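Single-structure report; data block below.
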Amino acid sequence: MSTTTPAWERVQLARKADRPHSLDYVNALINGFVELHGDRRHSDDPAMIAGIGAFNGRTVMAIGHQKGSNTRENLDRNFGMPNPDGYRKALRIFRHAEKFGFPLICFIDTPAADPGLGSEERGQATAIAENLLALASLRVPSVGVVIGEGGSGGALAISVTDRLLMLENAVYAVASPEACAAILWKDSNAAPQAAEALKLTAQDLKRFGIIDEIVPEPEPAHDASDATIQRTGEAIERHLGEIEAIADRPAGIDRLLELRYEKYRGIGAWVDEQEELIGELPVGVPGTSTPESTSD
Amino acid sequence: MSTTTPAWERVQLARKADRPHSLDYVNALINGFVELHGDRRHSDDPAMIAGIGAFNGRTVMAIGHQKGSNTRENLDRNFGMPNPDGYRKALRIFRHAEKFGFPLICFIDTPAADPGLGSEERGQATAIAENLLALASLRVPSVGVVIGEGGSGGALAISVTDRLLMLENAVYAVASPEACAAILWKDSNAAPQAAEALKLTAQDLKRFGIIDEIVPEPEPAHDASDATIQRTGEAIERHLGEIEAIADRPAGIDRLLELRYEKYRGIGAWVDEQEELIGELPVGVPGTSTPESTSD
Amino acid sequence: MPDFFRRKPTFNREDVSAEDGPVVPDGLWVKCQKCKDLVYSKDFERWFRVCPKCDFHARLSASQRIEYVLDSGSFEEWDRGIVTSDPLEFSANGDVYREKVKSTTRKAGQPEALVTGRGRIRGYDAAVAVTEFRFLGASMGSAFGEKFARVVERAVDQRLPFISISNSGGARMHESTFSLMQMAKTTAALSRLGEHKLPHISVLTDPCYGGVTASYAMVADVIIAEPGAMVGFAGPRVIEQITRQKLPDGFQTAEFLLEHGMIDMISRRSELPGTLSLLLLHYADAFLGRHQPGYAMSGQSRNGEAR
Amino acid sequence: MPDFFRRKPTFNREDVSAEDGPVVPDGLWVKCQKCKDLVYSKDFERWFRVCPKCDFHARLSASQRIEYVLDSGSFEEWDRGIVTSDPLEFSANGDVYREKVKSTTRKAGQPEALVTGRGRIRGYDAAVAVTEFRFLGASMGSAFGEKFARVVERAVDQRLPFISISNSGGARMHESTFSLMQMAKTTAALSRLGEHKLPHISVLTDPCYGGVTASYAMVADVIIAEPGAMVGFAGPRVIEQITRQKLPDGFQTAEFLLEHGMIDMISRRSELPGTLSLLLLHYADAFLGRHQPGYAMSGQSRNGEAR
Ligand SMILES: [Zn+2]
Ligand SMILES: [Zn+2]
């Protein structure tokens, strides 16, 4: 089994500790950024940052997963894995943006939602699901950017936006290659193969129509932080400008919500077979379950 | 100092353990009542009950503080003192009622909001305040009934309704007579005097215009549970019918919200003195604080 | 509202397989998976495949569930022909997804992990979506998501309340990001349902994890779980592996979720049709408008217990 | 945005009373309430009555607060004439409320526990409400509630953002249910403010409890607390008495609240005008509409740090 694959190399790049993280983008792109804290329920989750500021002359609200740049920071930030309080802070900010009509910019960079005991007790699944529901009908324009690792439902919970962008070396998948390899290959050393099979690169996802644009990294982001952030800001501005133009028309927000609905409604790959091909199978036939699936 | 006063006797009646409690009202008045549980955040608080059912042919949502009828039940129900999770369960039900357009009926019966460490950690003040804000603009008709003890902000958090009724032997005050006596008399044995001074009876509050109707108890509720509940149901129906008639007109909900705003906006007793009487006092004059107040 | 003897399920002994429920040592007795006691097989079936001794709720197939919950003969299936088209051309370690779908279709007796349609529960019409765990652990892929979105959209068109009955092992790896995006797609559909004042009632059954709980199943207006059902985001083994935390007894059971405020109630399988029909009656006020005694009466006359 | 030396507060030594801040042993030095160190009184004043050694934020009167936060001379007071009318004719143990109000008015230099009006913060207009703790512990009575509702309503009329700066010992017993109902009245007013996309920024200062925290102060769009401020629902003594629980170190401090997700940030007193003006600039987009460079510029030219 080969020890690496092109997709696996992307995974390594996406995870680089010195790659710029959400606060780097926010501090560089959003003028007068004021960080807002807390879920008003239980805690302030350092793995999820949020705030308000001026992006190219208009007020926006920004949200992002926050990884650290070293082990100490990562321990403080729980490696960018939010607990339910983090998702509920995000939810509060969604509603805040909606109340005031501020566009929403989301920076996606997490290996996964936190899988701990406390997270289960406080409803990690519920928290993520409520965010998906809120984003689907949020009455403000929204742009998301996968800047590093887009891991599973924990990433999705802040990425259901009008436009979804992705850095050239970012990845986005339903599960980590390691988890996928452990389940389907019964061998976590098969992660490079799993990464390839999961089609998790920006190029794949652009081809599938799941993302709207790839932000190029002529040099990898960890070697060219400022240039990458600037290029990302330009891409956000271009997309935000386009959807604001829609939103600013009469009943424009309703139109925006329709377009957002169609965008996510349209994602999927299925066929509608003729009934005779599938056959009307008898109910209650015997069978055994094959639970080849993860729990994240 | 006299050991009792008329107001203090009302307090004793209002607190009687065999007085009907919220679930007694709900089960008797609401057909096919289905209790709904949980705040979707942290826990299910047994001191606050909530659910859905049919009240005289229309679907309503009901919420109530829940005391026990004996010590064991009271330990389970925390003596009817909700924690933040209880108030957040109520908030969820408010929003649920609003989503579906169901009228809201609230049964108020608590000595106070829970004053424990966990309640402070999870934001008791925040939880109560958010409920007040939500109720002020909730787009469905609402009726509240103080069936026993209306204690402080913990009671208010589910009582900001279009119509507020009160049983003849119920009480409602900013603090318990015991707490008031301890602070202002420096002697909790002065509770009977404090009860009198707090003007906490239904008769007082009707006179002040704070409540809309007194539900009579020809026999005290603990001696005539069924009759009291039935009479309460009739009063709720009468008021609910009136406000539904407003709400059912075109833009009726907006009118209802205006009336609700005026109702609470109008409560208070103040005068607008001539400027010369008050005097333009110098800023920053020395003075000492006199914090004669409670923290609940 | 116990109602055990009203209907007789008509499943064969062969349904009872090692993984899906009690083992059948002979023609007359089944062995309960939980208490290991032997139960007379006819009793077991009359009790909706719930152990009469320890209350263990055995796993059901989608079609068994539909038979148990819906009025006999009322189910009209929708979109049975929608199947995955394998967008990633996925194979893992020589296992080809496309082939796996074919074989699992045969084994499960269903062409996808979700069965959708409309039916009646004690006379009340509803759109329904029921998972089939035997189909790749009822993981959510593209076809699952498409069927879900369609049944919800049709519920809006036909002004039907919506009931989902779910279990799931998690996400379907084989469709990766397509699979992930079905979480967004299914909840987006629900946001439209809500705008039309149509309720979503979610029934969680054992086991219910991952993409399904972190999307449509946990944002229902009313959430009901079966006793003992395991429900969570991450599975217990994953949590123990990653966090090295010792998990408490009863962790992620329906009872644990109720205590932590995540679900509205626990309903025994035999009581589920009664609970659902009562809720449908109450919510009808919202989507049919108030003062619709005809609708309420039709329900009342059928089950006689609603008001 | 440290800005300690921009303005010089002009308070007299006499302001520094035993209960409200550091003790003044002589004309030149004040003793910090917390670290007990002696601080040169001019430093203490230049540092906004914050101890330069231990960062203790001494309690301020309403008028001191207004001087510290608002641009010099910009404050226009509203509704100063509104005073309580003693609806219960309250007396406790011989203490007559009506008399108490008179004497406390003289002592506090304010006729109520709330001072309202409009002013500018680094050039940005805002409606403001500031509590006066020396007036019956800044408890919320009828006149307090009425003044609060009026300033919020006038903010709506004049399209002004709203800033409340609060401390409070709790409810005002002497007006009982009238006092309680001010919690409903003040939050109801805020719900109207929100409908007009006008922000409410709440500043919590030491100590902030009871009716004020359980109403308007905790439902702001942005909540800021001063370092070390004690903020809660029930007071620590009440909690210990009732529950016999040992309270952890730092319980109910601003830092505790931040950790528990209840506030957005802690802002040192010297930084408060900068933080507030920056927020006012950002929120102006909502209530003035986008693309209003004139407004933004006016702020920019005045403080030069917003963008
Ligand atoms: Zn058993
Ligand atoms: Zn000091």
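Below, read A as the first sequence line, B as the second, and so on, with proteins coming before strands; counting in each chain starts at 1. All of these numbers come straight from a predicted model, not from anything done at the bench.
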[X] vs [Y] side-chain heavy atoms within contact, under 4.5 Å:
| X | Y | value |
| --- | --- | --- |
| B:Ser137 | D:Arg192 | no |
| B:Ile210 | D:Met181 | yes |
| B:Leu117 | D:Thr243 | no |
| B:Leu184 | D:Asp95 | no |

Minimum heavy-atom separation for [X] and [Y], please, with both atom names.
| X | Y | answer |
| --- | --- | --- |
| B:Glu273 | D:Val83 | CG-CG2, 3.3 Å |
| B:Gly268 | D:Ser142 | CA-OG, 3.5 Å |
| B:Gly153 | D:Met183 | CA-CE, 4.1 Å |
| D:Ser85 | B:Trp270 | OG-N, 3.4 Å |

So which part of [X] gets closer than 4.5 Å to some heavy atom of chain B, the side chain, the backbone, both or neither?
| X | result |
| --- | --- |
| D:Leu247 | side chain |
| D:Glu132 | neither |
| D:Leu190 | both |
| D:Arg244 | neither |
| D:Thr186 | neither |
| D:Glu153 | side chain |

- prompt: Which region of B:Val160, side chain (C-beta onward) or backbone (N, CA, C, O), has a non-hydrogen atom less than 4.5 Å from a non-hydrogen atom of chain D, or is it both or neither?
  reply: side chain
- prompt: Counting only heavy atoms not in D:Gln245, do more than 12 sit closer than 6.0 Å to its CD atom?
  reply: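 Yes, because the 6.0 Å sphere around CD of D:Gln245 holds more than 12 heavy atoms from other groups.
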Mind ranking [options] by heavy-atom pairs under 4.5 Å with chain B and telling me who comes out on top?
| options | result |
| --- | --- |
| D:Glu146, D:Met218, D:Gln252 | D:Glu146 |
| D:Gly261, D:Pro87, D:Ala92 | D:Ala92 |
| D:Gly94, D:Ala189, D:Ser179, D:Ala62 | D:Ala189 |
| D:Thr213, D:Leu88, D:Thr84 | D:Leu88 |
| D:Ala149, D:Gly145, D:Ala138 | D:Ala149 |

task: Would you please test D:Tyr216 and B:Leu132 for side-chain contact (heavy atoms from CB on, under 4.5 Å) and show each step?
output: CA-CA 9 Å; D:Tyr216 74 84; B:Leu132 300 180; over 6 Å; no
- prompt: Ignoring hydrogens and geometry, is there a side-chain-to-backbone donor-acceptor pair from B:Glu120 to D:Phe233 under 3.5 Å?
  reply: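 Yes; at least one donor-acceptor contact below 3.5 Å.
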query: Donor-acceptor pair, D:Thr177 side chain versus B:Tyr172 backbone, under 3.5 Å?
result: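 Checking the backbone N and O of B:Tyr172 against the side chain of D:Thr177, a donor-acceptor pair under 3.5 Å is found.
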Inter-chain contacts: residues 195-203 of chain B against chain D, heavy atoms under 4.5 Å: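 Within residues 195-203 of chain B, the residues under 4.5 Å from chain D are B:Ala197, B:Leu198, B:Lys199.
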query: Can you name the residues of residues 256-267 of chain B that have some heavy atom under 4.5 Å away from a heavy atom in chain D?
result: B:Glu258, B:Tyr261, B:Tyr264, B:Arg265, B:Ile267
query: Going through the distances and angles, do D:Lys147 and B:Asp272 end up as a salt bridge (charged side-chain N to carboxylate O under 4.0 Å, His left out)?
result: CA-CA 10 Å; D:Lys147 288 178 84 167; B:Asp272 199 344; over 6 Å; no
- prompt: Hey, what's the ring geometry for D:Phe178 with B:Phe208, parallel, tilted or perpendicular (30° and 60° as the breaks)?
  reply: tilted
